[in-house]
Amino acid sequence: MSKQSWKPGNMLYPVPAVLVSCRDKNGNDNVLTVAWAGTICSDPAMLSISVRKERHSYPMIKESGEFVVNLTTKDLVKATDYCGVKSGRDEDKFETAHLTKGEAVKVNAPIVMESPVNIECVVKQVLELGSHDMFIAEVVNVQVSEEYMDEKGAFHLEDTELVAYSHGRYYELGNMLGTFGYSVKKQADKVRNA
């Protein structure tokens, strides 16, 4: 097996493609696409998004200190792409992308109703990194679509047809390959049964 060396670059792909919704201090709403988002802590629940300073949403998030991460699906992929290439300076992207605006519960920001999961966030720190600034935020509430709940109250994220992004392309997430700990489950079962 041979390898090539490339110049340093962002090769940590695929990544989630999410819609981030926000509101400025005057009550103006916007939604933008972010491909650089991630989990950073479980207790307290925290995540990060990285946004370019020149993006219309950047000062909205910086001033308000709040935003919502809306997970995207196969049905939302066209709107997700649209919200990544068009600017809220020029149009209401909720309207032109045919997204239904709802309200967050704990933050002053809109949510995307079509999204199966809406993660409400409060900014705790902003790291100026270069091309992007990273907003480190605490998750203060999560809304989930009831259509993915079963009769026992379990949420089935695997039924939502989530989307990932890699090098300019969107992909629907595929089949489950295993569950946490499956690689040692048979071994652990054998030890328990011995």
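Source: prediction; values computed, not measured.
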Share the residues that join [X] in a hydrophobic cluster, the rule being Ile, Leu, Val, Met, Phe, Trp or Tyr side chains under 4.5 Å apart at the heavy-atom level.
| X | answer |
| --- | --- |
| Val85 | none |
| Val31 | Leu19, Leu76, Phe94, Leu99, Val112 |
| Val163 | Tyr13, Val15, Trp36, Val77, Tyr165, Tyr170 |

Going only through I, L, V, M, F, W and Y residues with side-chain contacts under 4.5 Å, is there a path from [X] to [Y]?
| X | Y | result |
| --- | --- | --- |
| Met46 | Val68 | no |
| Tyr171 | Leu162 | no |
| Val105 | Ile119 | no |
| Val107 | Leu47 | no |
| Met60 | Val126 | no |

Do [X] and [Y] have side chains that approach each other closer than 4.5 Å (heavy atoms only, starting at C-beta)?
| X | Y | value |
| --- | --- | --- |
| Ile61 | Ile49 | yes |
| Val144 | Met149 | yes |
| Thr96 | Lys86 | no |
| Thr33 | Thr72 | no |
| Thr160 | Leu71 | no |
| Asn70 | Glu114 | no |
| Ser64 | Lys25 | no |
| Asn30 | Asn28 | no |

**OP:** Would you mind listing every ring pair (Phe, Tyr, Trp, His ring centres under 6.0 Å) that reaches into residues 61-92, with sequence neighbours excluded?
**Re:** none
N/O donor to acceptor pairs below 3.5 angstrom from side-chain atoms of residues 134-143, sequence neighbours left out:
| residue | atom | partner | partner atom | Å |
| --- | --- | --- | --- | --- |
| Asn141 | ND2 | Glu120 | OE2 | 3.0 |
| Gln143 | NE2 | Glu103 | O | 3.4 |
| Gln143 | NE2 | Glu120 | OE2 | 2.9 |

Hey, could you give me the [atom1]/[atom2] distance between [X] and [Y], rounded to the nearest 0.5 Å?
| X | Y | atom1 | atom2 | value |
| --- | --- | --- | --- | --- |
| Lys62 | Asp24 | NZ | CG | 16.0 Å |
| Cys121 | Lys106 | SG | NZ | 13.5 Å |
| Glu54 | Ser131 | CD | OG | 8.5 Å |
| Glu66 | Asn108 | CD | CG | 6.0 Å |
| Leu127 | His132 | CG | NE2 | 14.0 Å |

What pair of heavy atoms forms the shortest contact from [X] to [Y], and how long is it?
| X | Y | result |
| --- | --- | --- |
| Ala109 | Cys22 | CB-CA, 4.2 Å |
| Lys101 | Met113 | C-CG, 4.0 Å |
| Pro110 | Ser21 | O-OG, 2.6 Å |
| Ser87 | His56 | OG-CB, 3.9 Å |
| Leu32 | Arg55 | CB-NH2, 3.6 Å |

Does [atom1] in [X] sit with more than 12 non-hydrogen atoms of other residues, nucleotides or ligands closer than 6.0 Å?
| X | atom1 | answer |
| --- | --- | --- |
| Glu146 | CD | no |
| Glu95 | CD | no |
| Arg169 | CZ | no |
| Leu12 | CG | no |

**OP:** Sorted by first residue and then second, give each salt bridge (charged side-chain N to carboxylate O under 4.0 Å, His left out) pair with at least one member in residues 72-83; sequence neighbours left out.
**Re:** Lys74-Glu172
